[in-house]
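The chain is numbered in sequence order, starting from 1. Predicted model, so just to flag it, every value in this text is computed and none were measured.
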Amino acid sequence: MDKTETTPESVEPGAVKIKSTPAKAVLKQDPHSLRDPKENNLEVAIGREVRSFRKTLGITGADLASATGISLGMLSKIENGNTSPSLTTLQALAAALGVPVTAFFRRFEEVRNAVFVKAGEGLEIERRGTRAGHQYNLLGHIGNSASGLQVEPYLITLTADSDVFPAFQHDGLELIYMLEGEVKYRHGDKLYTMLPGDSLFFDADAPHGPEVLVELPIRFLSIISYPERSGV
């Protein structure tokens, strides 16, 4: 059998390069899955909230059943969305869990929003990098989503008036996707040469940012995600 030799591709010192045919990653969520219609039922929504509040308090089903006078079997049916609890039962559960009755309905009634932005109409805003001549166009924002995450999608443009600034540092994760130009982008102690079509996904708590503007203008998408902050 003939053997085929492969020559490693050249990369920046210390950088990690993903081959063109990487092993498939195992994702925890199927982005193309369809939600079971019964998950949109009021009973299922109530059951999920009851279980969520109970687990947040760190109490067992038996503890909650004892505190409310509801049988453990009935509580199990409620948490699994297999029965429609009476108002009296909901009031007992709310009192034991220390939440208003309306809290059990929040996800069922919650509106799922979408934001559409026409080309060239992204909101130009000021962020830390604005002072370095970096133009930020916010492409959408949804507050208080059911996911518990905040996501900030930006279109960033660097021109001849832009300064390098490899010292950004903030909470969350960030994805950079190059659209135009060429830049050497720093993350921690590594430097990545990025061309259109290249992407970089990283922990944004490490110092990062464009260090060398090789070919202008430079445009890339920056998508930042972080947990919602309580009280904000």
Side-chain angles (χ1 to χ4, degrees), residues 8-33 52 55-56 113 115 117 122-158 162-232:
E9 298 181 49
S10 60
V11 297
E12 296 284 346
V16 177
K17 176 137 182 145
I18 298 179
K19 300 271 186 183
S20 58
T21 56
K24 290 184 178 179
V26 179
L27 302 178
K28 294 182 179 180
Q29 177 173 275
D30 179 2
H32 304 294
S33 65
S52 175
K55 289 187 174 181
T56 298
N113 295 316
V115 177
V117 178
L123 177 65
E124 186 170 345
I125 66 171
E126 290 190 3
R127 293 188 82 244
R128 185 180 177 189
T130 305
R131 68 185 185 190
H134 299 190
Q135 179 182 325
Y136 288 82
N137 287 94
L138 183 64
L139 301 181
H141 176 73
I142 295 177
N144 300 319
S145 69
S147 67
L149 291 174
Q150 284 289 332
V151 179
E152 298 178 3
Y154 296 99
L155 172 62
I156 298 179
T157 303
L158 308 181
S162 304
D163 296 330
V164 295
F165 195 82
F168 293 112
Q169 199 168 3
H170 51 84
D171 294 339
L173 302 174
E174 184 167 353
L175 171 70
I176 299 293
Y177 183 83
M178 283 291 291
L179 299 173
E180 183 181 1
E182 181 179 349
V183 64
K184 290 186 182 294
Y185 198 95
R186 177 167 295 282
H187 178 262
D189 60 355
K190 297 182 176 63
L191 197 61
Y192 299 88
T193 298
M194 301 190 67
L195 297 166
D198 292 343
S199 63
L200 183 63
F201 183 52
F202 54 86
D203 183 340
D205 192 45
H208 60 276
E211 184 161 306
V212 182
L213 310 182
V214 180
E215 182 181 338
L216 297 168
I218 294 166
R219 291 193 311 140
F220 58 88
L221 293 175
S222 169
I223 302 173
I224 303 168
S225 65
Y226 53 88
E228 287 182 353
R229 299 178 178 89
S230 59
V232 176

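For the pair Gly209 and Phe168, the tightest heavy-atom approach, listed with the atom from each and the gap, is CA-CD1, 4.0 Å. Of all heavy-atom pairs between Val151 and His141, the closest is O-ND1, 4.4 Å. Nearest approach of Gly140 to Pro153, heavy atoms of both residues: O-CD, 3.1 Å. Closest of all the heavy-atom pairs between Leu213 and Val183 is CD2-CG2, 4.1 Å. Between Asp205 and Asp171, the shortest heavy-atom contact is OD1-OD1, 4.5 Å. In terms of heavy-atom proximity, Pro196 sits nearest to Leu179 at CB-O, 3.7 Å.
For the pair Ser222 and Glu174, the minimum side-chain heavy-atom distance is below 4.5 Å. Under the 4.5 Å side-chain criterion, counting only non-hydrogen atoms from C-beta, Ile224 is not in contact with Leu173. Between Thr193 and Val214 there is no side-chain heavy-atom pair separated by less than 4.5 Å. The closest side-chain heavy-atom distance from Ile176 to Ser199 is not below 4.5 Å. Between Phe220 and Leu158 there is a side-chain heavy-atom pair separated by less than 4.5 Å.
Going from atom CE of Met178 over to atom CD1 of Ile218 covers 6.0 Å, rounded to the nearest 0.5 Å. Taken to the nearest 0.5 Å, the OH atom of Tyr192 stands 10.0 Å off from the CZ atom of Phe202. To the nearest 0.5 Å, the span separating CD1 on Ile223 from OH on Tyr177 amounts to 11.0 Å. Atoms NE2 and CD1, on His134 and Ile156 in that order, are 8.5 Å from each other to the nearest 0.5 Å.
Here the side chain of His187 pairs no donor or acceptor atom with the backbone of Ala204 at under 3.5 angstrom. Although no hydrogens or angles enter the test, the distance criterion places no donor-acceptor pair under 3.5 Å between the side chain of His208 and the main chain of Asp203.
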